[in-house]
There are 2 protein chains.
Amino acid sequence: MLNQSPSLDRVFHALADPTRLALVERLGRGAAPVSALAEPLAMSLPAVLQHLNVLEGAGLVRSEKRGRVRTCALQTEALDRLDAWLAAQRSEWEQRLDRLTAYLDALGDADA
Amino acid sequence: MLNQSPSLDRVFHALADPTRLALVERLGRGAAPVSALAEPLAMSLPAVLQHLNVLEGAGLVRSEKRGRVRTCALQTEALDRLDAWLAAQRSEWEQRLDRLTAYLDALGDADA
DNA sequence: CGATTGGTTAAGCATATGCCTAACTAATCG
DNA sequence: CGATTAGTTAGGCATATGCTTAACCAATCG
């Protein structure tokens, strides 16, 4: 059962760990088998596996097994969705004529 | 001690929770006092406070207290940093002439 | 001043996370 | 076939997270 489009907070969650962030950055430079990904990390293979599973569950990584080697690659669509969210956020608060003014307004409301 | 520029994975961590994500989206539509932020959420005020503290610790939210009211606002710089990271990632993997080919290459390496 | 309102702190609890080691499976290699 | 090699599963443990309730402080309001 492939996870088609995990919720955004799941994507964020997947990126919320330094090891996983490093894995994503590493995979951004090209696909690699599990053991190659694990090599520079100061932790056991099973631990790396778990991280990869989280990334895969969030739709950030896709992997395929050939013989006894599992090759992993970035699935950029997930990052696209992240980008889309950011853009939406930005358009929202950039629409406000003057954010700072609104903020000070809210702050000074009780001030008279 | 204000956290000047929290690490990226801390920002991701802050956004990795549905409640906090909702808070950020809400704040994107304008600054608001704590109780107003808490109102639509099905949880106690202290819980909301904790979430806000996480967001503030990650540099995503700034707040100021006037009288007995704490007003919170989005700190968009943190989102900018996120955007910058995404752009960097993208430029990295878009540089590769043909990602798919590279992936299949890696996959088929043992294939002959 | 006393009551209310808005927020904050503290303590505790259930679950989730990140990691490890040990044991096991599957694909090559000799 | 037997020995590696690559990955996977299982079980367990220590810490982190998200939430709750109870108690508390500070700024208004009457």
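Quick note on labels: first sequence line is chain A, next is B, and so on, each numbered from 1.
- Between the CZ atom of B:Arg10 and the P atom of D:dA16 there is a distance of 13 Å, given to the nearest Å.
- Distance B:His13 NE2 to D:dA16 P: 11 Å, rounded to the nearest Å.
- Residue pairs meeting the side chain to side chain donor-acceptor pair (under 3.5 Å) criterion with at least one member in residues 26-38 of chain A, sequence neighbours excluded, do not occur.
- If you take CG on B:Leu55 and CD on B:Gln50, they are separated by 12.0 Å, rounding to the nearest 0.5 Å.
- In this structure A:Ala84 satisfies the side-chain contact (heavy atoms from CB on, under 4.5 Å) test with no other residue, sequence neighbours excluded.
- Rounded to whole Å, atom P of C:dT17 lies 18 Å from atom CZ of B:Phe12.
- Here B:Ala22 pairs with nothing under the side-chain contact (heavy atoms from CB on, under 4.5 Å) rule; sequence neighbours left out.
- Here C:dT28 presents its P atom at 14 Å from CZ of A:Arg70, a figure rounded to the nearest Å.
- A:Arg20 contributes a side-chain N or O that, together with a main-chain N or O of A:Ala14, makes up a donor-acceptor pair within less than 3.5 Å.
- Every residue was checked against the side chain to side chain donor-acceptor pair (under 3.5 Å) condition with B:Arg81, not counting sequence neighbours, and none meets it.
- Between B:Arg20 and the phosphate of D:dG18, there is a side-chain N or O to OP1/OP2 separation shorter than 4.0 Å.
- Summary for the helix from C:dC1-D:dG30 to C:dG30-D:dC1: the axes at its two ends, each from 5 pairs, differ by 20° when rounded to the nearest 10 degrees.
- Taking B:Asp83 as the reference, A:Arg90 meet the side chain to side chain donor-acceptor pair (under 3.5 Å) condition, with sequence neighbours excluded.
- To the nearest 0.5 Å, atoms CG (A:Leu23) and CG (A:Leu60) are separated by 11.0 Å.
- Listed by chain and number, the residues in a side-chain contact (heavy atoms from CB on, under 4.5 Å) with B:Val34 are B:Leu45, B:Leu49, B:Leu52, B:Arg70, B:Cys72 (sequence neighbours excluded).
- The distance from atom NZ of B:Lys65 to atom C1' of C:dT9 is 12 Å, rounded to the nearest whole Å.
- When the P atom of C:dG18 is taken as reference, atom CG of A:Leu21 falls 13 Å away, rounded to whole Å.
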Could you go through nucleotides 2-5 of chain C and list every protein N or O atom that sits under 3.5 Å from one of its N or O atoms, giving the distance for each pair?
residue, atom, partner, partner atom, Å
C:dT5, O4', B:Arg68, NH1, 3.4
C:dT5, O2, B:Arg68, NH1, 2.6

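- The stretch residues 36-54 of chain B touches DNA chain C through B:Leu45, B:Pro46, B:Leu49, each having a heavy atom within less than 4.0 Å of the strand.
- Listed by first then second residue, pairs satisfying ring pair (Phe, Tyr, Trp, His ring centres under 6.0 Å) with a partner in residues 48-90 of chain B read B:Phe12-B:Trp85, not counting sequence neighbours.
- Taking CG of A:Leu8 as the start and CD of B:Glu25 as the end, the distance is 7.5 Å to the nearest 0.5 Å.
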